[in-house]
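Reviewing the structure listed below.
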Amino acid sequence: MISIRPATLDDVPLLTALIYEFADFEKERHLVTITEEDLRRDGFGERPKFRALMAESGGDVAGYAIFFEHFSTWFGRAAMFLEDLYVRPQFRGQGIGKALLARVAAVARKEHCFGMKWEVLDWNLPAIEFYRSIGAEMLEDRKLLLFSGEAFETMAREAF
């Protein structure tokens with residue numbers, strides 16, 4: 001039996017571990033620097049910057065989703081941005097990813113969002129096929145940009 005629930009402060013150590021598992025799966029663990037303190041502050045502090053859901057199957061933690069609002073000037077309202085959707089390998093194929101996605105969609109609809117956005121790595125063909133099968137549209141004409149590190153710091157310093 002699958003259950004989806006909001007993450008709590010008590011879940012922070014496990015959520016941190018799951019984020020690192022997800023980074024391993026995406027072959028990007030070397031890029032992850034998040035700490036339990038970061039999650040406590042930014043997810044469960046005075047001004048939360050994200051929300052998280054935990055998926056359980058048979059009493060075991062099977063995966064998680066992290067999401068937040070993302071405003072669109074085109075639509076004049078927010079979409080929900082799905083930052084992470086991860087299901088542990090031993091729980092895949094049980095509908096857990098779809099259940100997490102459905103719960104985020106329900107939250108987005110309840111909050112009058114126009115839809116959802118997320119990213120997928122181009123080599124993750126099973127995920128791409130799944131997303132297409134549920135009706136998600138791949139935005140082939142868009143390219144994701146990342147502005148960080150020294151270039152970001154230099155630009156930010158130029159503002160003052």
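The analysis underlying the following values was restricted to heavy atoms, covering all of them including side chains, and did not include hydrogens, waters or symmetry mates. Quick caveat, the model's predicted, so the values are computed rather than measured.
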**OP:** Following the transitive rule for hydrophobic clusters with a side-chain heavy-atom cut-off under 4.5 Å over Ile, Leu, Val, Met, Phe, Trp and Tyr, establish whether Leu14 and Val87 coincide in one cluster.
**Re:**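 No, Leu14 does not connect to Val87 through the hydrophobic network.
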Original post:
Under a single-linkage definition using a 4.5 Å side-chain heavy-atom cutoff for Ile, Leu, Val, Met, Phe, Trp and Tyr, are Tyr86 and Leu100 assigned to the same hydrophobic cluster?
Top reply: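 Different hydrophobic clusters.
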Tell me, do [X] and [Y] make a side-chain contact under 4.5 Å, heavy atoms counted?
X	Y	answer
Met80	His70	no
Ile34	Tyr20	yes
Thr8	Met54	no
Arg88	Leu18	yes
Leu101	Phe130	yes
Val120	Met138	yes
Tyr64	Ile19	yes
Asp11	Arg5	yes

Can you confirm whether more than 12 heavy atoms, excluding those of [X], are under 6.0 Å from its [atom1] atom?
X	atom1	answer
Arg157	CZ	yes
His112	NE2	no
Glu37	CD	no

Side-chain donor or acceptor of [X] paired with backbone N/O of [Y] under 3.5 Å:
X	Y	answer
Arg132	Glu137	no
Arg40	Gly45	no
Asp42	Leu39	no

Original post:
Any side-chain donor paired with an acceptor under 3.5 Å for Thr154 and Glu150?
Top reply: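 Side-chain D/A pair, Thr154 to Glu150: present.
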Original post:
How far apart are the C-alpha atoms of Glu69 and Lys117, what are their side-chain angles, what is the distance that settles it, and do they pass the salt bridge (Lys or Arg N to Asp or Glu O under 4.0 Å) test?
Top reply: CA-CA 10 Å; Glu69 285 188 2; Lys117 291 183 175 185; over 6 Å; no
Just how far is it from atom [atom1] of [X] to atom [atom2] of [Y], taken to the nearest 0.5 Å?
X	Y	atom1	atom2	result
Ser57	Ile4	OG	CD1	9.5 Å
Leu121	Glu28	CG	CD	5.5 Å
Leu85	Lys98	CG	NZ	13.0 Å
Leu53	Arg103	CG	CZ	7.0 Å
Arg41	Glu46	CZ	CD	13.0 Å
Leu15	Asp10	CG	CG	12.0 Å

Original post:
Run the side chain to side chain contact (heavy atoms under 4.5 Å, CB included) check on Met116 and Phe81 step by step: do they pass?
Top reply: CA-CA 6 Å; Met116 294 172 55; Phe81 188 85; over 6 Å; no
Original post:
Do Lys49 and Asp38 sit within salt-bridge range, that is, some charged N less than 4.0 Å from a carboxylate O?
Top reply: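 Looking at Asp38 together with Lys49, the answer is no, because their closest N to O distance does not fall below 4.0 Å.
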Original post:
Is the gap between the ring centers of Trp118 and Phe67 under 6.0 Å?
Top reply: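 Aromatic pair excluded; centres sit 6.0 Å or further apart.
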**OP:** Report yes if the distance between the aromatic ring centroids of Phe68 and Phe50 is under 6.0 Å, otherwise no.
**Re:**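 No, the ring of Phe68 stays outside the 6.0 Å limit from the ring of Phe50, centre to centre.
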**OP:** Could you check whether the rings of Trp123 and Phe25 sit parallel, tilted or perpendicular, using 30° and 60° as the cut-offs?
**Re:**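 Rings of Trp123 and Phe25: tilted, as their planes differ by 30° to 60°.
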**OP:** Would you please classify the geometry between the Phe152 ring and the Phe147 ring as parallel, tilted or perpendicular, with 30° and 60° separating the classes?
**Re:**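 Perpendicular.
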Original post:
Should Val107 and Arg51 be marked as a side chain to side chain contact (heavy atoms under 4.5 Å, CB included) after you check the CA-CA gap, both sets of side-chain angles, and the distance that decides it?
Top reply: CA-CA 10 Å; Val107 169; Arg51 290 179 264 178; 3.5 Å; yes
